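Working notes, beginning with the structure itself.
Quick note: numbers below take in every heavy atom, side chains included, and nothing from hydrogens, waters or symmetry partners. Bear in mind the structure is a predicted one, so any value in this text is a computation, not a measurement.
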Amino acid sequence: MSTAELLKGAAELFPDEVVTSAHVRHLDLPQGAGRFALITLDNGLDHTKPTTLGPQSLANLDRAIDQVEAEAARGEIVGVGVTGKPFIFAVGADLKGVEVIRRREDALAIGKGGHDIFRRLSSLAVPTFAYYNGAAMGGGVEVGLHCSYRTVSRAIPAFSLPEVFLGLVPGWGGCTLLPNLIGADRAVSVIIENSLNQNKQLKGEQVFELGIADAIFDGADFLEQSLIWTASVLRGELEVDRPDVDRGEAWDQAVARGRGIADSKVHGAAPAAYRALDIIAAARNGDLRQGFDAEDRALADLIMGDELRSGIYAFNLVQKRAKRPAGAPDRKLARPVTKVGVVGAGLMASQLALLFARRLEVPVVLTDIDRERVDKGVGYVHGEIDKLLLKGRVNQDKANRLKALVTGSLDKAEAFADADFVIEAVFEEMGVKQQVFAEVEAVVPEHAVLATNTSSLSVTEMASKLRHPERVVGFHFFNPVAVLPLLEIVRAEQTDDASLATAFAVAKSLKKTAVLVKDAPAFVVNRILTRFLGEVLRSIDEGTPVEVADRALAPLGLPMSPIVLLELVGPAVAHHVAGTLNAAFPDRFGVSENLGRVVEAGKRNLYVYDSGKPELDPEVAALFETGDTVLTEEQVRERALNAIAEEIRLMLDEGVVAEAQDIDLCLITGAGWPFHLGGITPYLDREGVSERVTGKRFLEPGVASVPR
């Protein structure tokens with residue numbers, strides 16, 4: 001079947017494709033180097049909208065290559081370049097149609113179609129050049145890898161091969177060409193390590209330093225300088241020197257390193273990284289045809305797997321649903337925030353102060369019970385700003401302005417008299433928080449929003465003794481504040497629309513993923529994590545060895561094991577939240593007496609790492625009192641998954657969030673649960689847990705799964 005026929009069939013699966021054109025224009029290169037053909041990829045949308053490559057877009061590129069191929073054969077041009085519209089090169093395959101593919105042959109056609117077209121660039125009778133002028137990802141990067149030479153803009157903000165992150169492999173040449181260009185170890189960093197590190201992006205300088213691009217130029221005159229450089233190459237005045245690729249033991253070591261990274265991130269639970277590494281391993285012999293065929297097969301297999309569907313589902317949650325929070329009030333109701341108050345000056349409060357100052361760029365004042373605490377909090381913020389300065393994240397002028405915005409005071413009346421938004425981050429005890437809010441309400445303006453960073457307490461009860469409870473909202477951040485995107489915004493029983501709208505507007509300015517949640521014990525993330533941790537701890541209390549219980553959830557590929565998560569949260573915090581939920585739902589949430597003993601003994605960690613691997617601290621082991629019921633990993637896992645499914649169904653029935661999608665969005669952005677799970681509900685559906693425990697799926701068939 002011809003490439004045109006492959007693409008025509010595939011196009012029927014992409015009815016909503018935003019078609020990218022491939023315009024060919026001709027120009028005379030500088031220095032009399034000759035006539036040159038430049039192909040520009042452009043989807044006709046404004047410069048903020050990414051250019052993607054679906055079947056019709058690939059067909060357009062194919063026709064453009066037909067034209068320049070004929071011109072090259074006739075000797076009318078000396079070279080061909082490919083570039084993108086301003087600020088965007090191309091961000092890869094259009095994944096919208098992938099979600100509905102039902103046949104493996106259709107999946108295979110997508111891989112073969114891209115390969116057949118891109119490969120033509122390397123087969124032209126004249127040299128080819130890729131000019132990475134803006135964001136380039138996935139297939140966009142791979143277009144350039146098929147060219148003879150590449151330049152990159154120093155201003156590029158994002159460059160990556162993110163396929164493994166989504167559950168695919170770089171399947172249009174990336175797995176085969178990149179290691180043969182820059183070596184296996186660097187390729188593993190780009191394809192595996194960066195992808196599994198929350199889809200880390202490269203900047204222009206890094207692209208050049210890695211050897212992906214042969215030259216780098218400033219963004220302002222990037223294309224002009226690239227063409228001058230091209231002329232020098234074509235005239236033979238400049239020779240591109242690329243270091244030899246080590247195809248010996250270093251190649252095997254690189255692949256082994258990649259497998260170690262994949263094991264540490266997904267624990268064998270997701271196939272994409274391992275398929276990519278298999279192709280990289282085989283690419284050492286330099287047989288491109290063999291490599292491309294392997295990429296085609298891997299793409300077809302993975303497109304027909306549920307991991308990719310879950311990955312696309314998760315991507316859509318983060319990129320689309322997160323930008324339009326379900327249930328959020330009309331943004332026009334939001335009031336301006338020109339000053340922020342923070343009650344407390346501990347670590348969490350100080351992190352909040354830094355975030356508000358950086359994102360809102362308004363005065364932020366911290367208060368606490370004594371000058372030492374206040375000074376320490378302000379000092380922390382100023383110290384973090386100095387670190388940003390040293391890293392080049394801000395310049396000296398910006399650092400000075402940010403520091404000037406953050407101050408401390410012992411006088412709430414003086415500090416908050418003109419504050420529009422005040423958030424408390426004090427001890428997690430209802431009486432303390434009620435007292436704080438009473439003090440704040442007495443001194444703030446009538447329009448000011450009062451926010452609480454509580455992780456588990458009732459916001460409604462917290463506001464119940466105020467004269468104006470309608471302006472109180474939950475504003476629950478996740479630690480570390482600068483890293484985790486989620487912000488659970490809690491609507492209490494009397495919260496009004498204006499206060500809620502202001503909270504959402506602030507969240508947007510903070511660049512956080514805001515999810516509206518009902519005022520229910522522990523809200524979303526902490527409720528689910530506490531339920532599943534509770535089941536793991538219960539199995540340990542009953543007699544299951546700690547190491548067995550801790551390995552039980554490994555097949556899910558979670559970012560960390562239950563005990564490591566417990567250590568990150570902190571035993572004292574986890575024990576406190578468990579107590580709150582036990583008081584609300586005693587039939588489902590237990591309180592581990594062993595964990596209580598750990599907290600009482602002041603132990604912050606359960607593991608020691610003296611041997612290089614985690615082992616139960618002997619001092620902790622001495623505190624444990626256990627039964628004689630020993631479960632297997634499978635039994636612990638089944639118990640934990642059953643509990644999670646039951647809790648999610650109850651939360652949805654209670655209206656804690658609007659839909660199951662919000663549960664998944666919370667776990668992805670607030671707890672770091674992997675894209676290949678799609679959060680949790682796709683996994684529970686796929687494994688049959690949802691129907692076994694609750695009688696029905698959380699998502700409709702075909703949502704985050706292969707249509708049947």
inquiry  = Before you tell me yes or no, could you show the steps for Val207 and Ile156 under side-chain contact (heavy atoms from CB on, under 4.5 Å), namely the whole-Å CA-CA distance, both residues' side-chain angles and the distance that decides it to 0.1 Å?
reply    = CA-CA 9 Å; Val207 174; Ile156 280 187; 5.6 Å; no
query = Is Asn180 reaching over with its side chain to a backbone N or O of Thr176, donor-acceptor style, under 3.5 angstrom?
reply = yes
message = Between Phe675 and Phe165, is the ring centroid distance below 6.0 Å?
response = yes
request  = Indicate yes or no: does Arg604 engage Glu567 in a salt bridge with an N to O separation below 4.0 Å.
outcome  = no
request  = Nearest 0.5 Å please: distance from the OG atom of Ser57 over to the CG atom of Asn43.
outcome  = 8.0 Å
ask   = His146 and Phe292: ring-ring contact (aromatic ring centres under 6.0 Å, His included), yes or no, with the steps?
value = CA-CA 12 Å; His146 284 269; Phe292 294 164; 5.5 Å; yes
ask   = Do Phe208 and Asp214 have side-chain heavy atoms sitting under 4.5 Å apart?
value = no
query = Excluding sequence neighbours, so at least two apart, what forms salt bridge (Lys or Arg N to Asp or Glu O under 4.0 Å) with Arg247?
reply = none
ask   = Would you say the side-chain atoms of Asp218 pair up with the backbone N or O of Ala220, donor to acceptor, closer than 3.5 Å?
value = no
request  = Verify side-chain contact (heavy atoms from CB on, under 4.5 Å) between Arg321 and Asn316, making sure each step is shown before the conclusion.
outcome  = CA-CA 7 Å; Arg321 190 176 184 89; Asn316 287 336; over 6 Å; no
task = Given side-chain contact (heavy atoms from CB on, under 4.5 Å), test Tyr131 with Leu38 step by step and report yes or no.
result = CA-CA 10 Å; Tyr131 305 133; Leu38 182 65; 3.8 Å; yes
request  = Determine the minimum heavy-atom distance between Leu389 and Asn395, stating which atoms define it.
outcome  = CD1-C, 3.5 Å
query = What do you reckon, is CD of Glu237 surrounded by more than 12 foreign heavy atoms closer than 6.0 Å?
reply = yes
key: Donor-acceptor under 3.5 Å (His115 side chain, Gly173 main chain)   = yes
key: Interatomic distance, Glu295 atom CD to Trp172 atom CH2 [nearest 0.5 angstrom]   = 11.5 Å
note = Here the gap from Gln290 atom CD to Ile279 atom CD1, rounded to the nearest 0.5 Å, amounts to 10.5 Å
request  = May I ask you to decide if the ring planes of Trp229 and Phe217 are parallel, tilted or perpendicular, using 30° and 60° as cut-offs?
outcome  = perpendicular
task = Taking all non-hydrogen atoms of both residues into account, name the closest pair between Pro559 and Pro674 and its distance.
result = CD-CD, 3.9 Å
message = Would you say Asp263 and Tyr274 are linked by a side-chain donor-acceptor pair, where the criterion is simply a distance under 3.5 Å?
response = yes
ask   = Nearest 0.5 Å, what's the CG-SG distance between Asp278 and Cys175?
value = 10.0 Å
message = Less than 3.5 Å apart, any donor N or O on the side chain of Tyr607 or Asp550 sitting next to an acceptor on the other?
response = yes
key: Asp664 and Thr681 side chains, donor-acceptor separation under 3.5 Å   = yes
ask   = Quick one: does Asn60's side chain have a donor or acceptor within less than 3.5 Å of a partner on Thr20's backbone?
value = yes
ask   = What are the two closest heavy atoms between Pro162 and Ser195, and how far apart are they?
value = CA-OG, 3.7 Å
note = Residues at least two apart in sequence or cross-chain that pass ring pair (Phe, Tyr, Trp, His ring centres under 6.0 Å) with Tyr149, listed by chain then number, are Phe129
note = In terms of heavy-atom contacts, Val689 and Leu641 come closest through CG1-O, 3.7 Å
message = To the closest 0.5 Å, what do you measure between CG (Leu556) and OG (Ser561)?
response = 12.5 Å
ask   = Which pair of non-hydrogen atoms, one from Ile39 and one from Ala22, has the smallest distance, and what is that distance?
value = CG2-CB, 3.8 Å
Atom pair CD1 (Ile228) and OG1 (Thr151), whose distance is rounded to the nearest 0.5 Å = 12.0 Å
request  = State plainly whether the residues Lys203 and Glu205 are in salt-bridge range, i.e. N to O under 4.0 Å.
outcome  = no
Identified side-chain contact (heavy atoms from CB on, under 4.5 Å) partner of Ile563 from the options Leu606, Leu568, Leu533, Asn605 = Leu606
ask   = Got more than 12 heavy atoms from elsewhere within 6.0 Å of CD, Glu249?
value = no
task = Please lay out, stage by stage, how Arg289 and Arg119 fare under the test side-chain contact (heavy atoms from CB on, under 4.5 Å).
result = CA-CA 10 Å; Arg289 166 66 71 176; Arg119 195 163 47 205; 3.5 Å; yes
